[in-house]
Q: 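Quick one: this structure, given as structure tokens, is what I'll be asking you about.
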Amino acid sequence: MPVLVVTGTGTEVGKTVTTAAIAAAALCRGRTVAVLKPAQTGVRAGEPGDTAEAARLAGPLTTAELARYPEPLAPATAARRAAMPQIGAEAVAEAAEKLAAGHDLVLVEGAGGLLVRFDDRGATLADAAALLGAPVLVVAPAGLGTLNATELTVRELRRRGLTCPGVVVGSWPREPDLAARCNVADLPGTAGVPLLGAVPEGAGRLAPSAFRRAAPDWVAAELGGSWDAGAFAAAAV
């Protein structure tokens, strides 16, 4: 998959660290990687954004941002309030295609969830994925409520004719509660796609060298790693 779109069931679910883990696993295999953030919100000019964090954790990769807005809002709203240009799905797809021409893997990390709007015409990450013909990975939280949100996201991808290779738990707790443990077993059946990884809670606070060594163990072979869903589920019971 030369381009993989990374979305979440919402905001603050671990998309950036998951993106970094997939990038690190690819880099460990000698692949060239680019990370594209179509719209970075809540970060001012000169401050490090999500692509910088992915590069800090994963290692040497190409980063690209199409727009940056100072307020932590949906991109369309943030752009409107800042009187700044909005971006459309076509611009996202064009940027990803250009990066794909020179890299083995391009990771496109969305802002918030799948249907967060880029512009006032209603363009979303799903529209960009459709233009690219790219699969969309869903990052979900571990705990209560994730079954509903994950199933809704995957259903919308299917409704649009988009491929979802699976789900990654963006922050697996050190001490998972009953809901988190049950969700490991229930997510594949509820969402209808496999569980493809679980990133440990606090992984983004690791030293980069430790993150890069461990990252392949957090994502499945489909994402370039060695994570075993069966073994993880058995340990989570």
Side-chain angles (χ1 to χ4, degrees), residues 4-26 33 35-38 40-42 49-58 72 107-116 125-126 129 135-154 156-157 164-177 179-188 190-191 193-206 208 210-212 214-220 222-229 232-233 235-236:
L4 176 65
V5 175
V6 182
T7 192
T9 57
T11 192
E12 301 298 326
V13 296
K15 289 190 303 297
T16 299
V17 179
T18 297
T19 297
I22 298 168
V33 181
V35 175
L36 169 64
K37 184 79 173 183
Q40 175 74 68
T41 64
D50 290 344
T51 60
E53 178 65 359
R56 183 186 73 83
L57 291 169
L107 299 168
V108 182
E109 183 194 342
L114 180 68
L115 300 184
V116 169
L125 187 67
V136 182
L137 180 73
V138 177
V139 180
L144 197 63
T146 198
L147 295 179
N148 179 68
T150 304
E151 183 175 3
L152 286 171
T153 301
V154 175
E156 179 62 15
L157 288 169
C164 177
V167 178
V168 171
V169 176
S171 181
W172 181 253
R174 293 185 183 86
E175 297 182 4
D177 60 13
R181 296 196 305 273
C182 289
N183 286 341
V184 169
D186 293 343
L187 263 171
T190 300
V193 293
L195 197 59
L196 293 182
V199 178
E201 179 183 22
R205 296 192 294 273
L206 292 172
F211 184 95
R212 295 166 196 174
D217 295 332
W218 304 334
V219 294
E222 293 87 339
L223 300 175
S226 57
W227 183 84
D228 187 307
F232 184 83

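All values derive from a computational prediction rather than experimental measurement.
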Q: How long is the gap from CG on L152 to OG1 on T9, to the nearest 0.5 Å?
A: 10.0 Å
Q: Looking at every non-hydrogen atom in both residues, tell me the closest pair between V219 and A25 and how far apart they are.
A: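 That closest heavy-atom pairing would be CG2-CB, 4.2 Å.
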Q: Side chain to side chain contact (heavy atoms under 4.5 Å, CB included) with D177: which residues, sequence neighbours excluded?
A: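 In terms of side chain to side chain contact (heavy atoms under 4.5 Å, CB included), with neighbours along the sequence ignored, D177 is linked to A179, A180.
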Q: Any side-chain heavy atom of P194 sitting closer than 4.5 Å to one from P188?
A: no
Q: How close do T16 and A54 get, heavy atom to heavy atom, and via which atoms?
A: CG2-N, 4.4 Å
Q: Among all residues two or more places apart in sequence or in another chain, which pass the ring pair (Phe, Tyr, Trp, His ring centres under 6.0 Å) test with F232?
A: W172, W227
Q: How close do E156 and L114 get, heavy atom to heavy atom, and via which atoms?
A: CG-CD2, 3.9 Å
Q: List for me each residue that meets side chain to side chain donor-acceptor pair (under 3.5 Å) alongside T190, sequence neighbours excluded, and say none if there are none.
A: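 For T190, no residue satisfies side chain to side chain donor-acceptor pair (under 3.5 Å) once neighbours in sequence are set aside.
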Q: What residues form a side chain to side chain contact (heavy atoms under 4.5 Å, CB included) with V193, not counting sequence neighbours?
A: V154, R158, C164, V167, A191
Q: According to salt bridge (charged side-chain N to carboxylate O under 4.0 Å, His left out), who are the partners of R181, at least two apart in sequence or on a separate chain?
A: none
Q: Test of understanding: with side chain to side chain donor-acceptor pair (under 3.5 Å), list the residues that count as partners of T150, not counting sequence neighbours.
A: T146
Q: Please assess L125 against V116 for the test side-chain contact (heavy atoms from CB on, under 4.5 Å), listing each intermediate value before the final yes or no.
A: CA-CA 7 Å; L125 187 67; V116 169; over 6 Å; no
Q: Please enumerate all residues that pass side chain to side chain contact (heavy atoms under 4.5 Å, CB included) together with A24, with sequence neighbours excluded.
A: A58, F211, A215
Q: I'd like to check the side chain to side chain donor-acceptor pair (under 3.5 Å) partners of T41; sequence neighbours left out, ordered by chain and number.
A: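 Partners of T41 under the side chain to side chain donor-acceptor pair (under 3.5 Å) test: none.
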Q: Please report the interatomic distance CG(L107) to CG(L36), rounded to the nearest 0.5 Å.
A: 9.5 Å
Q: With sequence neighbours excluded, tell me which residues meet side chain to side chain donor-acceptor pair (under 3.5 Å) with K37.
A: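 If we apply the side chain to side chain donor-acceptor pair (under 3.5 Å) test to K37, skipping adjacent residues, the hits are D50, E109.
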Q: Decide side-chain contact (heavy atoms from CB on, under 4.5 Å) for V138 and L157; before the verdict, give the C-alpha distance in whole Å, the side-chain angles of both, and the deciding distance to 0.1 Å.
A: CA-CA 10 Å; V138 177; L157 288 169; 3.9 Å; yes
Q: Quick check for you: to the nearest 0.5 Å, what is the distance between E12 atom CD and S171 atom OG?
A: 11.0 Å
Q: Which heavy atom of L115 sits nearest to which heavy atom of A126, and what is that distance?
A: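 Heavy atoms of L115 and A126 come nearest at CD2-CB, 4.3 Å.
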Q: Working to the nearest 0.5 angstrom, can you tell me the gap between E222 CD and I22 CD1?
A: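 Between atom CD of E222 and atom CD1 of I22 there are 11.5 Å.
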Q: Does the side-chain contact (heavy atoms from CB on, under 4.5 Å) test come out yes or no for L223 and L137, once each step is laid out?
A: CA-CA 10 Å; L223 300 175; L137 180 73; 4.1 Å; yes
Q: If you look at every heavy atom in L195 and A229, which pair is closest and at what distance?
A: O-CB, 3.9 Å
Q: CG of L187 to CG of L196: how many Å apart, nearest 0.5 Å?
A: 11.5 Å
Q: Over all heavy atoms of both residues, which pair between P38 and V108 is shortest? Give the atoms and the distance, please.
A: CG-CG1, 3.8 Å
Q: If the condition is side chain to side chain contact (heavy atoms under 4.5 Å, CB included), which residues does R174 pass it with, not counting sequence neighbours?
A: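 Per chain and number, R174 pairs via side chain to side chain contact (heavy atoms under 4.5 Å, CB included) with E201, R205.
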